[in-house]
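Input: a single structure, listed below in structure tokens.
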Amino acid sequence: MRKRLIFLVLLTSFSLFMLYRFVRPLSIFVVTKAFERPIPAGKLPTGLVSLSARECGKCHREIFEEWSGSIHARAWTDPYFQADTRFDGSQQICMNCHIPLENQQENRVLGFRDRDKLDPILRPNPDFDPELQKEGVTCAVCHVTDGVILGPRESGDAPHPVRKDPRFTDGSSVCRRCHLVSGRRWDTFYRLPPCGTFREIKEAGSRKAGCTGCHMPEEKEENGHAHHLWRGGHDPAMIRQALTVMVEENPSPRRNRKKYTLTLTNTGTDHFLPTGTPDRHLSVTFTLTDGRKDVLKEKTFMLKRHIMWRPFIADLWDTRLPKGKPRDYTFAFQTDTTPRPAALKIVVKYHLLDEKRRARIGYENKEPIAYTLYEKNLPID
């Protein structure tokens, strides 16, 4: 009787624990010291009247225009982010990267109620600036510390003090605060945490991450500024530069059978392609049609991360493109069918968001969530 009671207690405890794992708020990050709190604004640098990017843009017009069209400028106002963060409970940890300055946040973080620092103690922020909040990752996030403007070089003729900081010359240090996140804890079993771009680069065998070389290329003239565009997954031209595509017809031992192979190679980036949130993925679709353009046969391959989120977080498999390793996708078909095949269409697409995820979080996108990287139409003889 006692053994049965112990068994029932253990079974009930385990069942309740597993139920909690399925309904608890989902957190995919470990809150490290680097971004457990927003960045203190500190005193205003001499020569500035505010921390707004518009203030910087009075002199740095070209950089301001570039920033204005970037994802950094929309880090807070982006409709997808707003829908996604509401769905996930508007966690404080997300704000510390999307609106990193203390003055951008409605509340101050006084401490934490839990050891994992996922339940912050908040109080209204008397210095909250709603207009600064809209600027997302604004100039001051990277360039202002303790009343001093930081940059890749000193300047003696600027209307404000500028201090040279080595973080702006090594190609990645400034990026790391938000783009190097951890997910290693007892209940996570994935190889790469979401937004774990730096770990992907390490796995690819590169010794050093050079983010700015691709995402902030410098002007060639002396003392030219680095472009503040941060082109990435939202820029089709940028992705096309990183992807090499080849199509060939393979010899077939059978007379009435054809086979084609599409080869994709990540030749333009040290991290996986695609990278960023696990929602991003590539698709390869072969579509065989007849003379009336009716579909006879179709096959789609998905290049993405497959992650189990509950009851525990774990990588299941990853079919994205690592650096420099060609991946083949084949499609074979009969040519003596009725109706006869007339054309083969091959399309490679980049998906910013999975359609099921879009519907689940209630994101009503006004812009496409996918775009075509490559398309080829082959007539079938």
Check: In the hydrophobic clustering that connects Ile, Leu, Val, Met, Phe, Trp and Tyr at side-chain heavy-atom distances below 4.5 Å, which members other than M302 occupy its cluster, ordered by chain and number?
Finding: none
Next item on the list: Share the residues that join I6 in a hydrophobic cluster, the rule being Ile, Leu, Val, Met, Phe, Trp or Tyr side chains under 4.5 Å apart at the heavy-atom level.
Entry: L10
Is the distance between the ring centroids of [X] and [Y] under 6.0 Å?
X    : Y    : result
W317 : H306 : yes
W230 : H72  : yes
F168 : H143 : yes

Notebook entry, point to check: What do the steps show when you test H228 against W67 for ring pair (Phe, Tyr, Trp, His ring centres under 6.0 Å), and what is the final call?
Noted result: CA-CA 5 Å; H228 289 57; W67 167 85; 9.8 Å; no
Margin query: Assess the residue pair V295 and T287 against the criterion (side chain to side chain contact (heavy atoms under 4.5 Å, CB included)); give the C-alpha distance rounded to whole Å, side-chain angles, the decisive distance to 0.1 Å, and a yes or no.
Written below: CA-CA 7 Å; V295 176; T287 305; 3.9 Å; yes
Check: Is the charged tip of K297 near the ring of F331: under 6.0 Å from the six-membered ring centre and within 45° of its axis?
Finding: yes
Check: Is R320 close enough and on-axis enough to F272, meaning under 6.0 Å and within 45°, for cation-pi?
Finding: yes
Roughly how far apart are [X] [atom1] and [Y] [atom2], rounded to 0.5 Å?
X    : Y    : atom1 : atom2 : answer
L264 : D328 : CG    : CG    : 8.5 Å
I93  : D88  : CD1   : CG    : 13.0 Å
M238 : C214 : CE    : SG    : 5.0 Å
K58  : R54  : NZ    : CZ    : 11.0 Å

Between [X] and [Y], what is the shortest heavy-atom contact and its length?
X    : Y    : result
I121 : R113 : CG1-CG, 3.7 Å
I149 : P45  : CD1-CG, 3.9 Å
A342 : D290 : CB-C, 3.5 Å

Margin query: Going by side-chain hydrogen bond (donor to acceptor under 3.5 Å, both in side chains), name the residues that satisfy it together with K259, two or more places apart in sequence or in a different chain.
Written below: none
Item checked: H60 and H160 aromatic ring geometry - parallel, tilted or perpendicular at 30°/60° bounds ->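 The rings of H160 and H60 sit tilted, inter-plane angle from 30° to 60°.
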Notebook entry, point to check: Do side-chain atoms of R37 reach the backbone of V109 as a donor and acceptor pair under 3.5 angstrom?
Noted result: yes
Checklist line | Under 3.5 Å: donor-acceptor pair, side chain of R310, backbone of R24 | finding: yes
Checklist line | Ion pair D78/R74, N-O distance below 4.0 Å | finding: no
Margin query: Under a 3.5 Å cutoff, is there a donor and acceptor pairing between the side chains of T330 and T261?
Written below: no
